[in-house]
Amino acid sequence: MAAPATFVVVVALVAAALCGGVCRAQDMDNEWARYRGFFGGGGTLLPQSDVDLLEFPLNLEYLEAEFFCWSALGYGLDGIDVNLTGGGPHPIGGQTAVLTPFVRDVATQFCYQEVGHLRAIKQNVRGFPRPQLDISATNIGKIVEQAMNTTLDPPFNPYENSLNFLIASYIIPYVGLTGYVGANPKLLTPQARRLVAGLLGVESAQDAVIRALLYERGLSRVASYGVGVAEVTAHISELRNELGRRGVKDEGLVVAPGEGPEGQTVGNIIAGDRYSLAYDRTPEEILGIVYGTGSPAQAGGFFPQGADGRIARGLLM
């Protein structure tokens, strides 16, 4: 730790010399504050802006880990490595999903991938305890009803069967991957960009697997509702666009003629812009979506008490 401390001192002295020794105390305080941010968890050398951008997605990684682990295994982070929770509150409503052996295997892999993501982020930044999460059937059912703009009878239950689980899974990882795309150009250090690139690669793969499994079932009807799978995904994507409030950054499994890749397909197994590049989202957009309120200042949805980290707390009412 001696080398980083020496670096900070040298920077401060150089700053003083450059202003001819007449810098005000406030200027020096600002200079120190600028470089204090380089010390993330584990003594890593990261500017505060990188620390903030790496800590923010912990909210989504916690959410994904708990949902996938509970669905596949019947327990979450507390049963895998309680230290990863940071002492945060237990999630609301997690339960074992009724899944086929194949889908349970996929969910189990996703579960442990998310655990790895939490470890990777916390090796680079200090992070924060698991926030209060609501992964209950009631909450996820409300999100699907919000997307469908109707009351479903019986209520949608993501833990009831494999198809419902996949539809619920469609809701979550895609939001995180668009956040990584949005964060990448704002990161200042190769270390942070490398980490985000690795996280983005796996989150994108998860989303692709979910979309592929749902695409195969695109014309299937969601039990009791008489609505096709592709139609449900379109409604969920439309809801996320509405809550994100930044135009179209989300697409269902089937799109209108001319809107698929190069305007040549209506099938849309992977979402992308006109050049088939991944969409990006800001933390403000992401919070509006996962809160279900359209506002980063109004908590709700998956985060009844709000998300954590400097970015999320700074935006919360």
Side-chain angles (χ1 to χ4, degrees), residues 37-69 72 76-77 80-81 83-86 105-128 130-131 169-213 249-250 269-273 275-283 285-287 289-290 307-312:
F38 274 77
F39 300 99
T44 52
L45 301 178
L46 294 172
Q48 187 63 56
S49 60
D50 279 11
V51 172
D52 292 344
L53 288 168
L54 292 180
E55 285 192 331
F56 177 77
L58 277 173
N59 291 292
L60 280 300
E61 299 293 353
Y62 276 127
L63 173 60
E64 294 171 37
E66 292 294 357
F67 177 67
F68 288 132
C69 292
L77 291 173
I80 295 173
D81 185 349
N83 292 324
L84 285 175
T85 71
D105 180 43
V106 171
T108 301
Q109 293 179 52
F110 285 2
C111 159
Y112 287 114
Q113 287 166 4
E114 299 304 335
V115 171
H117 289 179
L118 289 169
R119 296 191 197 280
I121 295 174
K122 291 190 174 190
Q123 284 178 355
N124 287 271
V125 294
R126 185 174 294 108
F128 47 80
R130 174 183 57 198
S169 298
Y170 180 90
I171 297 172
I172 303 173
Y174 181 76
V175 178
L177 81 85
T178 57
Y180 286 131
V181 175
N184 191 54
K186 300 175 184 177
L187 296 167
L188 302 177
T189 60
Q191 177 182 345
R193 290 195 294 269
R194 188 182 308 114
L195 174 60
V196 165
L199 294 165
L200 173 59
V202 174
E203 292 290 331
S204 299
Q206 289 179 350
D207 184 63
V209 169
I210 293 165
R211 292 178 72 97
L213 291 174
K249 295 189 177 183
D250 213 315
I269 198 166
I270 296 176
D273 66 11
Y275 301 112
S276 292
L277 300 178
Y279 292 105
D280 66 302
R281 281 194 169 111
T282 65
E285 294 172 70
I286 289 171
L287 291 173
I289 293 168
V290 297
D308 207 342
R310 276 168 43 101
I311 293 176

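Sequential numbering from 1 along the given sequence is applied to the chain's residues. It should be emphasised that the depicted structure is a prediction, and the values quoted were computed from it without experimental measurement. Atoms considered below: every heavy atom in the structure, side chains included; atoms not considered: hydrogens, waters and symmetry mates.
Remark: Arg193 CZ to Leu188 CG distance equals 7.5 Å, nearest 0.5 Å. Note that OG1 of Thr108 is 10.5 Å distant from CD of Gln113, once rounded to the nearest 0.5 Å. Atom CD of Gln123 sits about 12.5 Å away from atom CG of Leu54, to the nearest 0.5 Å. Leu45 CG to Asp50 CG: the interatomic distance, rounded to the nearest 0.5 Å, is 11.5 Å. Going from atom CD1 of Ile172 over to atom CD of Glu203 covers 10.5 Å, rounded to the nearest 0.5 Å. Here the CG-CG distance, from Asn184 to Asp280, works out to 10.5 Å after rounding to the nearest 0.5 Å.
Counting all heavy atoms, side chain and backbone alike, Pro283 lies closest to Ile311 at CB-CG2, 3.6 Å. Smallest separation of non-hydrogen atoms from Glu55 and Phe128: O-CE2, 3.3 Å. Contact between Gly76 and Cys69 at its shortest, heavy atoms only, is CA-CB, 4.0 Å. For the pair Leu177 and Ser204, the tightest heavy-atom approach, listed with the atom from each and the gap, is CD2-CA, 3.9 Å. When all heavy atoms of Leu187 and Ala192 are compared, the closest pair comes out as CD1-O, 3.7 Å. Closest heavy-atom contact between Asn124 and Gln191: OD1-NE2, 2.6 Å.
Applying the salt bridge (Lys or Arg N to Asp or Glu O under 4.0 Å) rule to Asp273 yields no partners; only residues at least two apart in sequence or on another chain are considered. Residues satisfying the side-chain hydrogen bond (donor to acceptor under 3.5 Å, both in side chains) criterion with Tyr174, sequence neighbours excluded, are absent altogether.
Here the side chains of Leu199 and Glu61 are in contact, with some heavy-atom distance below 4.5 Å. Contact annotation: the side chain of Leu77 approaches that of Leu118 to within less than 4.5 Å [non-hydrogen atoms, C-beta and beyond]. For the pair Ile80 and Cys111, the minimum side-chain heavy-atom distance is below 4.5 Å.
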> How far apart are the C-alpha atoms of Leu46 and Val125, what are their side-chain angles, what is the distance that settles it, and do they pass the side-chain contact (heavy atoms from CB on, under 4.5 Å) test?
Replying inline: CA-CA 9 Å; Leu46 294 172; Val125 294; 4.0 Å; yes
>> For a side-chain contact (heavy atoms from CB on, under 4.5 Å) check, start with the C-alpha distance between Tyr62 and Leu58, then their side-chain angles and the critical distance, and finish with the verdict.
In response: CA-CA 6 Å; Tyr62 276 127; Leu58 277 173; 4.2 Å; yes
>> If you apply the rule side-chain contact (heavy atoms from CB on, under 4.5 Å), what do you find for Tyr180 with Leu60, and how did you get there?
In response: CA-CA 11 Å; Tyr180 286 131; Leu60 280 300; over 6 Å; no
>> Go through it in stages, so that I can follow the logic: the residues are Glu285 and Thr178, the test is side-chain contact (heavy atoms from CB on, under 4.5 Å), and I'd like the CA-CA distance, side-chain angles, deciding distance and then a yes or no.
In response: CA-CA 10 Å; Glu285 294 172 70; Thr178 57; over 6 Å; no
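His117 and Glu64 are not linked by any side-chain donor-acceptor pair at a separation below 3.5 angstrom, with hydrogens and angles left out of the test.
Using a 30° and 60° split on the angle between ring planes, Phe110 and Phe68 fall in the perpendicular class, above 60°.
For the pair Asp250 and Arg281, the salt-bridge criterion is met [side-chain N within less than 4.0 Å of a carboxylate O].
The closest donor-acceptor contact from the side chain of Asp52 to the backbone of Ser49 lies at 3.5 Å or more, if one exists at all.
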